[in-house]
There are 2 protein chains.
Amino acid sequence: MKANLEDIAKAAGVSKMTVSRVLRGGTGFSDETRDRVRKVAESLGYVPNKLAAAFGADQASTLVGMCVPRLTSGLFGHVLDGVDRALSRLGYQLIIGANNHSTEEEEAWVRQIVSWRPAGLILSGRTHQPGTVDLLRQAAMPVVEIWDLTTSPIDMSVGFSHFDCGAEMGQHLLRRGRRRAGYVGALARADVMGQARLDGFRAALAEAGHPLVASELLLDMPGFYAGLYGLETLLSRTRDLDVVYFHNDEMAIGGLAHAQSRGIRVPEDLGIAGWGGMEAASILPRRLTTTVVPTTAIGKAAAEALVARLKGEPGQDVTVVPTRLVPGETG
Amino acid sequence: MKANLEDIAKAAGVSKMTVSRVLRGGTGFSDETRDRVRKVAESLGYVPNKLAAAFGADQASTLVGMCVPRLTSGLFGHVLDGVDRALSRLGYQLIIGANNHSTEEEEAWVRQIVSWRPAGLILSGRTHQPGTVDLLRQAAMPVVEIWDLTTSPIDMSVGFSHFDCGAEMGQHLLRRGRRRAGYVGALARADVMGQARLDGFRAALAEAGHPLVASELLLDMPGFYAGLYGLETLLSRTRDLDVVYFHNDEMAIGGLAHAQSRGIRVPEDLGIAGWGGMEAASILPRRLTTTVVPTTAIGKAAAEALVARLKGEPGQDVTVVPTRLVPGETG
DNA sequence: CCTGACTACGTTACCGGTAAACCTGGCAGA
DNA sequence: TCTGCCAGGTTTACCGGTAACGTAGTCAGG
């Protein structure tokens, strides 16, 4: 990388400050100067140095950090997409990381990223290490917590309540006449948001006087196989269930596959419900009963909240992005 | 962000160079000095400034850029995951972007990222704008092109041949006795890699004397619905097919759903084959015939090739990561 | 006792931008 | 004619690190 502002300045016969102003589209130069500088910059193949710019100005870089639980989650892929579209349009660059549902890994990541002095951060979830929160508050950095809503965010929050998702599904299944519900989940210890859905589900059932009969929590990635084996295990312990709520749609589809292989009729013998709203779920022979999460909208809203804060525009600290329970033909 | 090296230096009664050496774990200081400096840094809540470090050293930052076609693709989620795990373990940070299968968008992204002077880049595909290639060659930056193999990479390449994938599937279906094949794809104009698979498929069929009968290329995201409608459209034009090859597994599953809804028996009336190896495909009542792509392995290999280059270790320029055709029960 | 090597630091000069203060010539108005 | 102002610049002083080099003190060996 050879050419810098000074090289251009010399070649164009102006000072490097003038070059800086021209290339950043400021004012205080004639049209001829502007054209000459631009031409020289072009011919020298000048590539701006954001490192120096962000460092020198000692403020607002155009880096934004985003930390998600897992990069392999289809849902978070859409959230990332929403964030990326909104930010790249405005000239920001996105640094990502995965915390594997661990607040310790999240803290390590945050420390790395903060040392790049980013314009802002987007974190997933409302649970963080105390040190993470201290660091971010002290740095007075714009932070958006997404996915799981909190009324007392570090800075801003965009999302919905996982507890309410679980409760709503519980109420729905009760209205459909289900009385003996089970639950199949995964990553039990680490995934606080899945846990919150289970808590909400359990609470809704208990309140109606038909408490959760059994649950199976696997220490595994929440995918198709986990759903399949999870339902198999659950049914081997307790045959007497009339509906099973799954951690997410992938697991629910795994559960459907297991039911089909055992000749269990869905929804006659057993109801099945998922969570997340993956596209595959809506195209099954029987549409999956699930909760659709507006993933891209959350990403977009988070990015916009962050940018509004950066520009000093007023914006609300907490943005609720509603989920939608979609009654299918499986529960 | 208040404390910097100088603050620590003053508080510890040493020069800031000594603080720099201590905090970076170098040599040239006594144990007492080390302990004192560390203690002071801790107590002041010092957060290193990588911006200044990368700028001052005027060389290799710990940023790595990665550009994928779409962030919503399940396959690329796994590639990202492989890259992220390998890089974050070594202290690198990942900047991502999506090019939407457009080399123009890719070039815009590359220009943005190069101005951060990253340690290296990972790009998807072998097709780039001439300006992109010039820029990268001139910057002498380590670059790994992944996904579609090329024998003449900008710098390094990790992947497999999409043409060969298509050809192999063509040969497989011919061996299974299929003679009248169709193809359903998406994003026809922009997705050169999907196009390469089609080319390979077409070539294999033609060579065997049973050329492709019909194809349907949708200008849409390659998802379940596109597969469903694509097959419907294809069959409305040409009923006389005995197998259909799809752009990817998601579309193939959409195709399966359409076949089921129309009472078309798979594989008796119609064979169906996909590509990619998504987990869902292997759990269908009838396992999908598809090509499994080692996504995570490609990400890992790309990251490792990049790091090897950065450390000056010898490594091969082209790494072939083989795909695996998995004969299922649908084709 | 002098020399040379080694340890444990300190000093200085940058890296490539940006902000802010500072020039300067020409022209309008008093 | 003098003054003030404005367009169109230039100059200077950083930002927070790092590399390269300088230097005082110590110690062993000849």
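Chain letters run A, B, ... following the sequence lines, proteins first and then strands; every chain starts at 1.
- You'll find the ring centres of A:His78 and A:Phe76 outside the 6.0 Å limit.
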What side-chain donor-acceptor pairs closer than 3.5 Å can you find for residues 10-17 of chain A, not counting sequence neighbours?
unit_1  : atom_1 : unit_2  : atom_2 : d
A:Ser15 : OG     : A:Thr18 : N      : 3.4
A:Ser15 : OG     : A:Thr18 : OG1    : 3.3

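- Enclosure of atom CD in B:Glu42 is not indicated, since only 12 or fewer non-hydrogen atoms of other residues, nucleotides or ligands lie within 6.0 angstrom.
- Atom CE of B:Met17 and atom C1' of C:dG10 are 10 Å apart (whole Å).
- In this structure, the NZ atom of A:Lys10 is 13 Å from the P atom of C:dG17, given to the nearest Å.
- Taking 3.5 Å as the limit, the base of C:dG17 and the side chain of A:Lys16 contain a donor-acceptor pair of atoms between them.
- A donor-acceptor distance shorter than 3.5 angstrom exists from the side chain of B:Asn4 to the backbone of B:Glu6, with no hydrogens or angles considered.
- When rounded to the nearest whole Å, the span between CZ of B:Arg117 and P of C:dC15 equals 14 Å.
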Yes or no on side chain to side chain contact (heavy atoms under 4.5 Å, CB included) for A:Leu51 and B:Trp116, after CA distance, side-chain angles and deciding distance? CA-CA 5 Å; A:Leu51 228 44; B:Trp116 282 107; 3.8 Å; yes

Using the rule given for side chain to side chain contact (heavy atoms under 4.5 Å, CB included), can you reason through B:Val110 versus B:His128, listing the C-alpha separation, both sets of side-chain angles and the distance that settles it, and then say yes or no? CA-CA 11 Å; B:Val110 167; B:His128 314 282; over 6 Å; no

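- Proximity note for A:Ala52 (side chain, C-beta onward) versus C:dA19, C:dG17, D:dT18: the nearest is C:dG17.
- For B:Asn4, a side-chain nitrogen or oxygen approaches OP1 or OP2 of D:dG16 to under 4.0 Å.
- In this structure, the CG atom of B:Leu5 is 16 Å from the C1' atom of C:dC15, given to the nearest Å.
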Pull out every protein N or O sitting under 3.5 Å from an N or O of nucleotides 6-9 of chain C, one pair per line with the distance.
unit_1 : atom_1 : unit_2  : atom_2 : d
C:dC9  : OP1    : B:Thr33 : OG1    : 3.2
C:dC9  : OP2    : B:Ser30 : N      : 2.4
C:dC9  : OP2    : B:Ser30 : OG     : 2.8
C:dC9  : OP2    : B:Thr33 : OG1    : 2.8

